[in-house]
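Residues take their numbers from the sequence shown, with the count starting at 1.
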Amino acid sequence: MFAGIVILTRDRFRVGDQISVGEHRGTVVQMGLTSTSVRTFDGRLVLVPNGTLHSEVVTVQTGFERVRSSVLVDVADSADLDRAARVAVEAMRAVPQVLDEPGPEAFLTSIGTATVQLELRFWSGARQLETKEATHAVVREVLAAFAEHEVEAGSDVYTVDAGPRLARLLRGDQDRATGAAEGSLRQTEDP
């Protein structure tokens with residue numbers, strides 16, 4: 001009960017705020033002296049003991065009006081990287097869910113085998129659905145802008161086509177493949 005009194009008097013979060021504590025995330029629907037009721041984002045009711053809320057780290061997602069989100073996208077390392085960043089920023093600026101202030105940003109963050117990773121940062125409303133909708137729109141619009149401006153999105157995945165002989169070997173058709181290989185070997189050895 002003491003923890004409940006402390007939580008209620010400190011007023012760090014209220015009914016309607018979206019919080020995260022431990023592995024539970026959702027909207028506060030009721031606050032009492034012994035526990036706080038949270039409706040998770042997937043519709044479950046979780047009763048969190050106030051002792052837990054008092055002793056563990058609680059993230060209040062709606063503690064401020066806006067939050068920053070990030071999306072990572074790989075760009076081919078052969079692309080004009082400065083141009084790719086400009087195209088991404090302009091595409092994010094056109095998304096209605098992305099706030100103008102602070103403005104969206106794009107930073108090169110790491111190098112892959114044949115790619116460079118571009119981190120897209122943007123601000124949106126603080127509620128969970130607002131951040132999900134903004135992220136969805138940013139991914140859609142940036143990829144569309146990359147296609148329109150011929151900025152090649154990258155992939156570190158390579159496909160190797162080893163040819164029909166290896167394919168037969170992998171299927172277990174070793175006798176035919178071995179026979180064919182020996183036959184071609186005999187042909188090259190004969191003068």
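Criterion: ILVMFWY side-chain heavy atoms under 4.5 Å apart, direct or through other members. Under it, V95 and L118 are part of a common hydrophobic cluster. Residues V67 and I19 do not share a hydrophobic cluster, defined by chaining ILVMFWY side chains whose heavy atoms lie under 4.5 Å apart. No chain of hydrophobic side-chain contacts below 4.5 Å, direct or via other Ile, Leu, Val, Met, Phe, Trp or Tyr residues, connects W123 to V71. Grouping the Ile, Leu, Val, Met, Phe, Trp and Tyr side chains by contacts below 4.5 angstrom, directly or via other members, places L143 with L81. Connection of L108 to V75 is established within a shared hydrophobic cluster, with ILVMFWY side chains joined at heavy-atom distances below 4.5 Å, either directly or through further cluster members.
Of the possible polar contacts, none joining the Q97 side chain to the A137 backbone as a donor-acceptor pair under 3.5 Å is found. Counting only distance, with no hydrogens or angles, the side chain of D17 and the backbone of G63 share no donor-acceptor pair below 3.5 Å. Side-chain atoms of S20 never come within 3.5 Å of backbone atoms of R25 as a donor-acceptor pair (strictly under, hydrogens ignored). Within the 3.5 Å criterion, the main-chain N or O of A126 finds a donor-acceptor partner in the side chain of Q61.
Separating the CD atom in Q18 from the OG1 atom in T131 is a distance of 8.0 Å, to the nearest 0.5 Å. From E152, atom CD reaches atom CG of D77 across 9.0 Å, with rounding to the nearest 0.5 Å. Atom-to-atom distance recorded for T27:OG1 and R39:CZ is 8.0 Å, nearest 0.5 angstrom. Taken to the nearest 0.5 Å, the CD atom of Q30 stands 8.5 Å off from the CG atom of L47. Distance check, rounded to the nearest 0.5 Å: CG of L129 to NE2 of H136 gives 11.5 Å. Expressed to the nearest 0.5 Å, how far OG of S35 lies from CG of N50 amounts to 6.0 Å.
Test V142, V89, V98 against L120 for side-chain contact (heavy atoms from CB on, under 4.5 Å) and you get one pass: V142. Paired with T135 under the rule side-chain contact (heavy atoms from CB on, under 4.5 Å), one option of S70, S69, S124 passes, and it is S69.
Between R68 and P102 there is no side-chain heavy-atom pair separated by less than 4.5 Å. Here the side chains of T115 and T113 are not in contact, with every heavy-atom distance at 4.5 Å or above.
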Audit row: F122, L99, side-chain contact (heavy atoms from CB on, under 4.5 Å) steps and yes/no: CA-CA 7 Å; F122 56 92; L99 300 177; over 6 Å; no

May I have the step-by-step check of side-chain contact (heavy atoms from CB on, under 4.5 Å) for R14 and V28, ending in yes or no? CA-CA 7 Å; R14 302 176 179 152; V28 176; over 6 Å; no

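Within a 6.0 Å sphere centred on CZ of R127, heavy atoms belonging to other residues, nucleotides or ligands number more than 12.
R93 pairs by the salt bridge (Lys or Arg N to Asp or Glu O under 4.0 Å) definition with E90, not counting sequence neighbours.
Listed by first and then second residue, the salt bridge (charged side-chain N to carboxylate O under 4.0 Å, His left out) pairs that reach into residues 133-146 come to none, sequence neighbours excluded. Pairs of residues two or more places apart, or lying in two chains, that qualify as salt bridge (charged side-chain N to carboxylate O under 4.0 Å, His left out) and include a residue from residues 94-122 are E119-R121.
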